[in-house]
2 protein chains.
Amino acid sequence: MPKQFNENSPEPACEFIACEDCGLYRLCHLASDGEDPSLSNALIKRRFVLRRGEYLYRQGDSFHAIYAIRLGSTKTYIINEDGRTQITSFHGPGELIGLDAIEAGYFDSEAIALETTSFCEIPFSHFQELSRQLPDLQHQMLAIMSRAILRGQQMMLLLGKKDATEKLATYLLSLCRHLDKDASPTPPFKLTMSRGDLGNHLGLTQETICRILTRFQEDGIICFQNKTIHFLNHSRLRELASKTRADR
Amino acid sequence: MPKQFNENSPEPACEFIACEDCGLYRLCHLASDGEDPSLSNALIKRRFVLRRGEYLYRQGDSFHAIYAIRLGSTKTYIINEDGRTQITSFHGPGELIGLDAIEAGYFDSEAIALETTSFCEIPFSHFQELSRQLPDLQHQMLAIMSRAILRGQQMMLLLGKKDATEKLATYLLSLCRHLDKDASPTPPFKLTMSRGDLGNHLGLTQETICRILTRFQEDGIICFQNKTIHFLNHSRLRELASKTRADR
DNA sequence: CGCTATATTGACCAGAGTCAAGCTTTGTGG
DNA sequence: CCACAAAGCTTGACTCTGGTCAATATAGCG
């Protein structure tokens, strides 16, 4: 039950991601900047908000739109026949969700808001119509999907070849990329997912996540208090993310 | 150094995959069946053959084409900073290779022939030109990439949540899908990759692969002799591929 | 202000990795 | 065509990382 998002709501607009920083920007920009000004805003149908725990879509839902996060975060996971789940990605502002359902026409995965989260919805039919007029739009979409495939491959490497310490260090580093570079120590960062979710995503248990976070803190690499985390030593984290040693 | 493939070579043509069974079919078919007959064969630039161990492309090579396998098999892998590799997929007849390089414009992965392998090459520029005239071509490409993303997600589930037995059973089952359904026992199937490669792909060691293959044979599920394998009990394999038990 | 979900920490254990030895297959050159 | 080398496969013994189970502690929520 997504409720319509009110542009004039009391929520602080400044925290929303700027369109220029959105993964959709090159799509939207092409559309609104095209030769025909009537294309303006043709891509985005609506914006809406979900609260923590609400589903963006569920397994079996039919696919008709892709989504971009304006503010907030989600987790996306697939479900095995026996009920086990694998969180395939966490998404934050500017990231796209739903690309995996284009072929089948329905979702095999589920997406849930981890906190109050605001989305842009791009109906796939809008995208298809527009892209007949703007071939570059097509290319941008291919680029976006190509990037999603690359991310999947990096995830396979992490899950298949890294030990627990490397996994967590790698993930924490990927969070830093979104933050101000180089700044060390960084401003506080909020982990919106639970330890269990983080473990699930990385192929570990929540207990292992706890233990390693504690160790990183003892070693002065991070400083955390529940969900809030400071990164104190980026370069050490980078070393830990891929220890040099013989190939397995 | 790919050598030009000779259509009139003495190799048995019957073993090549039929175009109708190729992952590219819907692309090629659209192109050669379009309203403008001059589009015929505009997609495929050439066909060529690689021998075992020869590279289709290497890390850093610039991207200009995607490839379809006509006959044979390849492995594709990515390389971590520390030199560890993760085989992200094995490809057989009808499958597409190179989709991960579209965004960057160069390959971050490498692809190697596991045996003598014959390819169709589709220059990406051909595809882009044609797709301006045939919007359906674009949609087919999105579908193909969407499927690649799904495969990646299934791989994450396998690597992150399954134990060694389940991993191998799942992989063996995926091989069966390509074979004649239901037939049990199936005709002999050739594993073209080494035990080490198979282990690498599944997040295991070659020793573990050996031990589990031996166990499967003792249990009458498969029968193998070196690289040749017969599937004797599909349903048991299906049970092993996802043991019912509590979610981790 | 209690209740529930989440997080932390410890003790113990098992699955898969490592190391090592021997075997088989494949490929090469004489 | 054979001999030898190299690569790949198999099996066993042992180790160790990270999972499991369990007991608190803490945070967030109504």
Between [atom2] on [N] and [atom1] on [X], what's the gap in Å once rounded to a whole number?
{"X": "A:I212", "N": "D:dG18", "atom1": "CD1", "atom2": "P", "result": "7 Å"}
{"X": "B:Q225", "N": "C:dC23", "atom1": "CD", "atom2": "P", "result": "17 Å"}
{"X": "A:D197", "N": "C:dA5", "atom1": "CG", "atom2": "P", "result": "15 Å"}
{"X": "B:D163", "N": "C:dA16", "atom1": "CG", "atom2": "C1'", "result": "10 Å"}
{"X": "A:E218", "N": "C:dT8", "atom1": "CD", "atom2": "C1'", "result": "12 Å"}
{"X": "A:N200", "N": "C:dA7", "atom1": "CG", "atom2": "P", "result": "13 Å"}
{"X": "B:K161", "N": "D:dG19", "atom1": "NZ", "atom2": "C1'", "result": "12 Å"}
{"X": "B:K162", "N": "C:dA16", "atom1": "NZ", "atom2": "P", "result": "14 Å"}

For this session: Estimate the overall bend of the helix from C:dC1-D:dG30 to C:dG30-D:dC1 from the end axes over five pairs each, rounded to 10 degrees.
Result: 50°
Seminar exercise, completed: Hits for salt bridge (Lys or Arg N to Asp or Glu O under 4.0 Å) against A:R236, two or more places apart or cross-chain, chain-then-number order -> A:E239
For this session: Could you pull out all residues at least two apart from A:R52 that satisfy salt bridge (Lys or Arg N to Asp or Glu O under 4.0 Å)?
Result: none
Problem set entry | Test ring pair (Phe, Tyr, Trp, His ring centres under 6.0 Å) applied to A:Y77 - qualifying residues, sequence neighbours left out | none
Contacts under 3.5 Å, N or O only, protein and nucleotides 5-13 of chain D:
{"residue": "D:dC9", "atom": "OP1", "partner": "B:K227", "partner atom": "NZ", "Å": "3.1"}
{"residue": "D:dC9", "atom": "OP2", "partner": "B:R195", "partner atom": "N", "Å": "2.9"}
{"residue": "D:dT10", "atom": "OP1", "partner": "B:R195", "partner atom": "NH2", "Å": "3.4"}
{"residue": "D:dT10", "atom": "OP2", "partner": "B:R195", "partner atom": "NE", "Å": "2.7"}
{"residue": "D:dT10", "atom": "OP2", "partner": "B:R195", "partner atom": "NH2", "Å": "3.4"}
{"residue": "D:dT11", "atom": "OP2", "partner": "B:T214", "partner atom": "OG1", "Å": "2.6"}
{"residue": "D:dG12", "atom": "N7", "partner": "B:R211", "partner atom": "NH1", "Å": "2.9"}

Exercise. D:dG19 phosphate, OP1 or OP2: any side-chain N/O from A:T205 under 4.0 angstrom?
Worked result: yes
Exercise. Aromatic ring centroids of A:Y106 and A:F63 under 6.0 Å?
Worked result: no
For this session: Look at the side chain of B:N80 and the backbone N and O of B:G83, then say whether any donor-acceptor pair between them is shorter than 3.5 Å.
Result: no
Exercise. Mind checking what makes side-chain hydrogen bond (donor to acceptor under 3.5 Å, both in side chains) contact with B:S146, not counting sequence neighbours?
Worked result: none
May I have the list of side-chain donor-acceptor pairs in residues 201-216 of chain A shorter than 3.5 Å, sequence neighbours left out?
{"residue": "A:H201", "atom": "ND1", "partner": "A:I87", "partner atom": "O", "Å": "2.7"}
{"residue": "A:T205", "atom": "OG1", "partner": "A:T208", "partner atom": "N", "Å": "3.3"}
{"residue": "A:T205", "atom": "OG1", "partner": "A:T208", "partner atom": "OG1", "Å": "3.1"}
{"residue": "A:T214", "atom": "OG1", "partner": "A:C210", "partner atom": "O", "Å": "2.9"}
{"residue": "A:R215", "atom": "NH2", "partner": "A:T165", "partner atom": "OG1", "Å": "3.0"}

Exercise. With A:Q153, which residues qualify under side chain to side chain contact (heavy atoms under 4.5 Å, CB included), at least two apart?
Worked result: A:I149, A:L150, B:I78, B:T88, B:D100
Exercise. Touch check for A:G203, heavy atoms < 4.0 angstrom, all strands: base, sugar-phosphate only, or nothing?
Worked result: sugar-phosphate
Seminar exercise, completed: Quick note, salt bridge (Lys or Arg N to Asp or Glu O under 4.0 Å) partners involving residues 193-206 of chain B, not counting sequence neighbours, are B:K75-B:D197
